[in-house]
Amino acid sequence: MIVPFNNLSELHCKIKTEIVESISNVIDKSAFISGSETESFEIAFAKKLGVKHCIGVGSGTSALWISLKMSGIGIGDEVIVPANTFFACAEAVELCGAIPVFIDNDECFNIDITKIESSINENTKAIMAVHLYGQMCDVDEILKICNKYDLLLIEDCSQSHFAKSNGKFAGTFGDCACFSFYPGKNLGAMGDAGCIVTNNDSLAEKCRLFRNHGEEGKSKHTIIGFNSRMDGFQSAVLKIKLAYIHDWNKKREELAQEYISRLMDCSFIQLPLVQKGNTHAFHLFVIKAERRDNLKIFLQESGINTGIHYPTPLPFLPVYKSKYNDDRNLFPNASANENMLLSLPIYPDLSTNQIDYVTDKIKEFYK
Ligand SMILES: *Cc1c(COP(=O)(O)O)cnc(C)c1O
């Protein structure tokens with residue numbers, strides 16, 4: 001049996017007619033860049049999430065960079081960033097001329113809120129709350145810290161579209177929130193795309209200006225901006241897919257439960273923990289596995305593709321070598337997980353037969 005890590009072709013097969021029609025409409029209207037299709041997606045996304053503004057941009061990375069920059073983050077400022085996340089989180093801070101200050105992770109692989117306050121100083125301006133793997137971090141506690149020290153809260157929801165904490169969607173807690181619509185995300189385009197959401201009118205306006213060369217009306221450039229707009233084809237695809245996101249997330253959650261019930265008594269692995277009050281969007285199903293590298297190879301040889309998110313905590317990447325000097329003691333939890341994290345296949349079209357096969361193979365490996 002072959003179990004791919006993701007299966008976008010099967011997902012798209014079922015909605016291809018709708019998508020082709022939507023794309024065809026863009027061609028007819030020539031609404032290729034930030035046109036009517038993008039506007040209507042922005043409105044639909046903001047409405048579904050329950051926020052005032054949605055600003056479509058070129059990617060999730062651009063969303064982070066633009067929202068930080070337009071929030072006033074600049075040279076010498078420090079931004080709290082989790083050590084365990086995708087590199088773009090640090091990159092966006094660096095692109096503003098600011099400094100990412102890394103914090104270790106908790107048992108849910110999200111930022112450890114007990115380790116934030118000791119890293120705050122007079123240069124700290126913001127906390128980037130990343131909701132990793134599909135589960136929200138402890139955003140209520142982070143909000144308290146932000147209020148106490150007068151810091152901005154920027155949420156990165158790239159892996160947690162419509163995940164919830166106590167019934168409230170990810171992206172509705174911060175001063176602003178960023179989403180990636182990279183094809184493999186829970187809500188994915190067919191190319192690069194992302195967005196910023198916020199309830200702040202003036203921040204929304206600044207982000208809208210920045211993504212389009214700082215142009216306020218035809219050829220009236222009022223600030224230095226950039227070209228990072230969402231294109232019409234991506235908006236057309238996303239608009240169709242947005243109608244399915246709750247069903248797809250529900251399917252992911254059901255499949256996660258299937259994994260959990262089958263692997264519950266395997267003592268060599270640790271299953272993902274779901275914090276009380278959280279609705280996990282299971283962008284990824286990440287386990288901690290003993291002899292991870294051998295297990296990964298064994299699964300690969302059995303036709304099962306797995307992933308590692310992420311192989312190296314950000315402070316230990318080559319780019320930060322001179323700063324953190326590979327000192328594992330600084331990030332004990334992230335370091336302890338480094339050789340154990342393994343992402344099993346999870347996507348709406350994964351079958352129970354495939355889950356049976358994956359879990360049987362895992363048990364066979366440890367026997
Ligand atoms: C995917 C991702 C990004 C970057 O998004 P792109 O659209 O690929 O630029 C940022 N942060 C996290 C947590 C992500 O998973």
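Just follow the structure's listing: the first ligand is 1, and inside any ligand the first atom is 1. Just so you know, these numbers come straight off a predicted model, no measurement behind them. By convention here, the first residue in the shown sequence is residue 1.
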- Message: Using 30° and 60° as the class boundaries, would you call the ring planes of Tyr324 and Tyr320 parallel, tilted or perpendicular?
- Response: perpendicular

- Do any nitrogen or oxygen atoms of Asp156 lie less than 3.5 angstrom from nitrogen or oxygen atoms of ligand 1? yes

- Query: Is the distance between the ring centroids of Phe181 and Phe41 under 6.0 Å?
  - Reply: yes

- So which protein heavy atom does atom 7 (O) of ligand 1 come closest to, and at what separation? Ser180 OG, 2.6 Å

- Task: Please confirm whether Phe268 and Phe365 have ring centers closer than 6.0 angstrom.
- Result: no

- Lys185-ligand 1 polar pair, N/O distance under 3.5 Å: yes

- Return yes or no for this condition: an N or O of Thr85 is under 3.5 Å from an N or O of ligand 1. no

- Is Leu64 close to ligand 1, meaning an N/O of one under 3.5 Å from an N/O of the other? no

- Task: Decide whether Glu37 and Asn25 meet the rule of one side-chain donor and one side-chain acceptor closer than 3.5 Å.
- Result: yes

- Task: Fit a plane to each ring of His246 and Phe169, take the angle between them on a 0 to 90° scale, and name the class: parallel (under 30°), tilted (30 to 60°) or perpendicular (over 60°).
- Result: parallel

- Message: Within ligand 1, which atoms have a heavy atom of Gly60 less than 4.0 Å away?
- Response: 5 (O), 6 (P), 7 (O), 9 (O)

- Does the separation of the ring centres of Phe162 and Phe179 fall below 6.0 angstrom? no

- Considering only non-hydrogen protein atoms, determine which one is nearest to atom 9 (O) of ligand 1 and report residue, atom name and distance to 0.1 Å. Thr61 OG1, 2.5 Å

- What atoms of ligand 1 come closer than 4.0 angstrom to any heavy atom of Gln159? 13 (C), 15 (O)

